[in-house]
Amino acid sequence: MDNSRKKLLWSVILVILYFLLVFYIGGFNVKDKTELIINVITIVLSVIGIVYECVLIFNKKIDLNKHKNGVLACSIYFLLVNIISGVIGFSVTKELNGNKKERRELPEIELKEYTNKYICLIAFIICLGILLFGSKIITKFWMLIVFYVVILSLMIGVFYKQLIHDFKIFKSYFKEYFVLILKTWGKALVLIMITTIIIQIITNTTQANNQIALQNSFNSNPVFIAILAMFYAPIAEELMFRGVFRKFIKNKKLFVIVSGVVFGLMHVIDDSKTLAEFSYVFVYSILGIYLAGIYAKTNNLCTNIFMHFMQNTLSVIGMILLMFM
């Protein structure tokens, strides 16, 4: 018997000993039907896991590498029943190769001038003017929609060729890109949460004014705000603050800082009347810096657009929950 099978055998033995000990002491204490159902499910799942691993252990013709996911699932469950059994199972999964394909490296994309940078700058200035001054002349809902359509159309128009090029590569390497996006987003969320808590403690505030205004708008028009947050903002804002800025700032570190800070300023400049309210610029700047960072690393616009989509989708889910609380 090879080493991996021996470890699995010990894992199973410990689970069996755990249940024997429980029944020896007095079995499961059942107070109501809910506890009875939970205990029955626990025993049934444990038996299935034990039988499954016993088959793997004693049938040497079975290739354990092909059952890595099954061993992992049993280990996760056994961890809840008996910690030592779960840990032993995890050590086995590390030894197995599974059916993983050879890891591909992300393709290197060179920055190209798909569109004249000054045309992009003109489109950026127009869009920025609409965002900063458009609210003063908007009197009807249809005017608001027209303004957003104009911004989105201008940005997609000037970046159309680059978006098509980047999307083809992004689609082909989606798994690899997704792992990178998930890691980057996770780091950003942790830092955002820490920064937000610090600001709330120091300033005695609960939320950024921008978020409060967004929540109020969502309560009155949830579908429109959800579409705006999940689809319009990730595309339009990323093309404006990452796509345009990258054309003029070639130094990666400088681009990341400038793009991130301007992004943060744009999210608080209209709604901040006090220093405490303005302090949330740090929160939005952190997100902007990580979005700029992933674009600088991949040179693929779809990566930061997708990460922005994930962040805003999480925000929409939060607003939905708050609306029903």
Side-chain angles (χ1 to χ4, degrees), residues 1-104 106 173-194 306-307 309-311 313-318 320-321:
M1 187 179 291
D2 59 60
N3 191 48
S4 295
R5 283 184 164 83
K6 286 180 181 177
K7 287 183 178 180
L8 285 181
L9 181 59
W10 275 111
S11 176
V12 169
I13 289 171
L14 288 171
V15 172
I16 293 172
L17 288 174
Y18 165 78
F19 279 106
L20 289 175
L21 182 63
V22 168
F23 285 112
Y24 176 76
I25 292 173
F28 292 101
N29 293 321
V30 180
K31 296 179 180 179
D32 52 39
K33 289 183 179 180
T34 303
E35 287 189 14
L36 177 62
I37 293 170
I38 292 172
N39 290 335
V40 170
I41 292 172
T42 301
I43 294 170
V44 170
L45 290 176
S46 298
V47 170
I48 292 172
I50 291 168
V51 172
Y52 173 71
E53 289 205 346
C54 282
V55 173
L56 297 180
I57 293 165
F58 297 107
N59 190 340
K60 295 181 180 180
K61 292 181 180 180
I62 295 176
D63 185 0
L64 287 182
N65 291 309
K66 294 181 179 180
H67 290 266
K68 182 176 180 178
N69 292 334
V71 173
L72 179 62
C74 288
S75 300
I76 293 171
Y77 177 73
F78 286 161
L79 185 70
L80 302 175
V81 176
N82 182 298
I83 295 175
I84 299 174
S85 294
V87 172
I88 293 172
F90 290 140
S91 69
V92 174
T93 59
K94 288 184 178 180
E95 298 172 357
L96 302 179
N97 296 321
N99 295 319
K100 286 186 177 180
K101 296 180 181 178
E102 189 176 343
R103 189 174 179 272
R104 296 184 299 177
L106 290 172
Y173 288 82
F174 178 75
K175 289 183 179 179
E176 288 78 9
Y177 277 123
F178 184 72
V179 171
L180 176 62
I181 291 167
L182 206 59
K183 288 179 180 178
T184 306
W185 186 43
K187 292 175 184 177
L189 281 179
V190 171
L191 197 53
I192 286 170
M193 288 171 63
I194 293 171
F306 193 79
M307 179 175 156
F309 163 77
M310 290 172 64
Q311 172 64 24
T313 301
L314 181 65
S315 297
V316 169
I317 292 170
I320 292 171
L321 294 174

Peer 1: Are any of the side-chain heavy atoms of Q311 and L189 separated by less than 4.5 Å?
Peer 2: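 Yes, at least one pair of side-chain atoms sits under 4.5 Å.
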Peer 1: Which residues satisfy the salt bridge (charged side-chain N to carboxylate O under 4.0 Å, His left out) test with K183, sequence neighbours excluded?
Peer 2: none
Peer 1: Do Y77 and I48 have side chains that get closer than 4.5 Å, going by heavy atoms?
Peer 2: no
Peer 1: Inspect the surroundings of CG in L182 and state if more than 12 heavy atoms from other residues, nucleotides or ligands are less than 6.0 Å away.
Peer 2: yes
Peer 1: Under the side chain to side chain contact (heavy atoms under 4.5 Å, CB included) test against V47, which residue among L45, I43, V44 passes?
Peer 2: I43
Peer 1: How close do V12 and C54 get, counting heavy atoms only, and between which atoms?
Peer 2: CG1-SG, 4.0 Å
Peer 1: Could you state the interatomic distance from CD1 (I13) to CD1 (I50), rounded to the nearest 0.5 Å?
Peer 2: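 Those atoms lie 11.0 Å apart.
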Peer 1: To the closest 0.5 Å, what do you measure between NZ (K94) and CG (L72)?
Peer 2: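 CG of L72 is found 11.5 Å from NZ of K94.
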Peer 1: Mind telling me whether Y177 and Y173 have parallel, tilted or perpendicular rings, with 30° and 60° as the class edges?
Peer 2: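 Perpendicular.
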Peer 1: Among pairs that include at least one residue of residues 69-81, which meet salt bridge (Lys or Arg N to Asp or Glu O under 4.0 Å), considering only residues two or more places apart or in two chains?
Peer 2: none
Peer 1: Can you name the nearest heavy-atom pair linking Y52 to C74, along with the distance?
Peer 2: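 So the minimum-distance heavy-atom pair works out to CD2-SG, 3.6 Å.
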Peer 1: Whether the side chain of T313 engages the backbone of F309 through a donor-acceptor N/O pair (distance < 3.5 Å, no angle test) should be reported.
Peer 2: yes
Peer 1: Is Y18 close to F78 at the side-chain level, that is, under 4.5 Å between some pair of heavy atoms?
Peer 2: no
Peer 1: Measure the OG-CD1 distance between S4 and I88 for me, rounded to the nearest 0.5 Å.
Peer 2: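 These two atoms lie 12.5 Å from each other.
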Peer 1: Please check if the number of heavy atoms outside I84 that lie under 6.0 Å from its CD1 is greater than 12.
Peer 2: no
Peer 1: Can you classify the ring geometry of F306 versus F178 as parallel (below 30°), tilted (30 to 60°) or perpendicular (above 60°)?
Peer 2: perpendicular
Peer 1: Does some side-chain heavy atom of E53 sit less than 4.5 Å from a side-chain heavy atom of V15?
Peer 2: no
Peer 1: Between atom CG of L96 and atom CG of L64, what is the distance when rounded to the nearest 0.5 Å?
Peer 2: 6.0 Å
Peer 1: Keeping R5 on the side-chain end and L56 on the backbone end, is there a donor-acceptor pair under 3.5 Å?
Peer 2: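 Answer holds: yes.
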Peer 1: When rounded to the nearest 0.5 angstrom, what distance separates CD1 in I41 from OG in S46?
Peer 2: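 The CD1 atom of I41 sits 11.5 Å away from the OG atom of S46.
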Peer 1: Nearest 0.5 angstrom please: L14 CG to L9 CG, how far?
Peer 2: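 One gets 9.5 Å once the value is rounded to the nearest 0.5 Å.
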